[in-house]
Amino acid sequence: MLAIVAALGALLGAVALPCAPAQAQTTAALPFPPPVQERVSVLNARLGLHPDKTRLVLELTDSVPFTVSVHGSPYRVVVDLPDVSWPDGNTVMAGKGVVARYRFEGRDGGASRLVVETDGPARVVESYLIPPRDGFKPRFVLDIARTTPAQFAASAPVAVATGTASLSREAARPPARKDPIVPVAAALPPPVPPRAAPVPEKPMIVVDPGHGGVDPGAVGVGGVYEKDITLAMARELKRQLEGSGRYRVRLTRDKDVFIRLRDRVSIAREANADLFLSLHADSIGSANMRGLSIYTLSDKASDREAEMLAAKENRADALAGMDLSSENDLVASILIDLAQRDTMNHSKRFANMALDHLGREVKLIPNKPHRQAGFAVLTAPDMPSALVEMGYLSSPQDVSLLSKSTHREKLGRGMVRTIDAYFKWLTGAQKS
């Protein structure tokens, strides 16, 4: 889908240039000078909040070697890079989560440095470079989590990682210093011999257990909390999907924590989700209403979201892998609308498949089990999404079923069959 969007953008922005007339060669040919190496640039930077870490992503025009190290006094993480262009990088940028602020510095000798200040002792969970693929530019990913002062003191000074497209850890530690800073040479790895085309990655499924933490969600018969029901079901679905060996799975939360609605979508987009499923269990005033239903984004909510995304200040992150900030209003609106309509069609197809498969296993609500609404978790324009209302916690029968592991296993099997059918259809649609 994004390939179609990118192609349309290229078509709309293309300008034909006239050809210069040929001239006769009258002197001996001189050797061409070597091509000038274009300077790698940072196209975009964004921070994402996750339940157990903060993620910083830099989108680059090309892959670069890097070195990551931890620092104290003050606490910070430093990423050393070769000479990289970042026009707005010298501005101190506000942080969130573990990150207090971050900035970019030019260095002597044609080098650059990204300085990420943290709000206390921190550790680098992972740092790696995603090579260009599926229409995306290379992306540098840095995951940072909080740690205790004692754990920080025990592990510092230490070089966290160096690498380009893959992560390589260094076990050696230099002598201790007053300021635990680790100078590490960012050496380029030896040339990699040609290899066979990589095996396509398994689809990434992000499962979102609704509510959590201070937000219990609906309170059902017997005092059961929606946040507990959704988390138990999400863990069961993750277990079955990973057990199939066909998918990668991520939960937006794996414990009882509060996550904002937009951050749930951000977590899925950061993971490059191929499908986003939000799990819920509603409650109404009637004990007789029961059954499962599925929501996808409504057309009216889609129009409002597209209008917001087309605003100039939002275009840089409107579509994954595409920066529309330099496009005019007409082009940006067309590209966003095209991507969103395609995504909504995929979401609706998934919902219809789900009702077909799940209807054989569990009871559906009798009236229009496929519904549309403007839920915030369904508004990503480039990621098929669905919200599954697994039942009504105001129904004693639904509460009894959703509280049983046997029912959750049955519901999970139906969802796995649905996901299998959806990606089988998607593969066929992409080949045709």
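Along the sequence shown, residues carry numbers from 1. Side-chain atoms are counted along with the backbone in the values below, which use heavy atoms only and exclude waters and symmetry mates.
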Only residue of Arg371, His370, Lys348 satisfying side chain to side chain donor-acceptor pair (under 3.5 Å) with Thr296 is His370
Applying salt bridge (Lys or Arg N to Asp or Glu O under 4.0 Å) to Arg55 and not counting sequence neighbours gives Asp143
Glu409 with Lys404: basic N within carboxylate O range, under 4.0 Å | no
Discussion item. Within the 3.5 Å criterion, strictly below it, is a donor on Ser278 or Asp208 matched to an acceptor on the partner's side chain?
Written reply: yes
Under 3.5 Å, sequence neighbours excluded: what are the donor-acceptor pairs made by side chains of residues 93-101?
unit_1: Lys96; atom_1: NZ; unit_2: Leu47; atom_2: O; d: 3.3
unit_1: Arg101; atom_1: NH1; unit_2: Glu117; atom_2: OE1; d: 2.8

Just by distance, no angles: are the side chains of Arg139 and Asn44 close enough, under 3.5 Å, to form a donor-acceptor pair? no
Working note: Met390 + Ile229, criterion side-chain contact (heavy atoms from CB on, under 4.5 Å); need CA distance, chi angles, decisive distance, verdict. CA-CA 9 Å; Met390 300 177 290; Ile229 293 291; 4.0 Å; yes
Sorted by chain and residue number, the side-chain hydrogen bond (donor to acceptor under 3.5 Å, both in side chains) partners of Tyr247 (sequence neighbours excluded) come out as Asp420
task = For the residue pair Glu226 and His211, confirm or rule out a side-chain donor-acceptor distance under 3.5 Å.
result = yes
Item to complete: Give a yes or no answer on whether the side chain of Ser394 reaches the backbone of Ser283 with a donor-acceptor pair at less than 3.5 Å.
Response: no
*Test log, rule side-chain contact (heavy atoms from CB on, under 4.5 Å), inputs Glu270 and Val57*: CA-CA 8 Å; Glu270 293 278 357; Val57 179; 3.1 Å; yes
Using a 3.5 Å distance criterion without hydrogens, assess whether the side chain of Asp398 forms a donor-acceptor pair with backbone atoms of Tyr392.
yes
| Are Lys227 and Asp215 within salt-bridge range, i.e. N to O under 4.0 Å? | no
ask   = Under 4.0 Å between a Lys/Arg side-chain N and an Asp/Glu carboxylate O for Arg103 and Glu105?
value = yes
Does Tyr225 form a side-chain contact (heavy atoms from CB on, under 4.5 Å) with Leu393? I'd like the steps, not just the answer. CA-CA 8 Å; Tyr225 287 161; Leu393 298 186; over 6 Å; no
| So, the side chain of Ser347 versus the backbone of Thr343: is there a donor-acceptor pair under 3.5 Å, distance only? | yes
* Is the shortest side-chain N to carboxylate O distance from Arg417 to Glu361 below 4.0 Å? -> yes
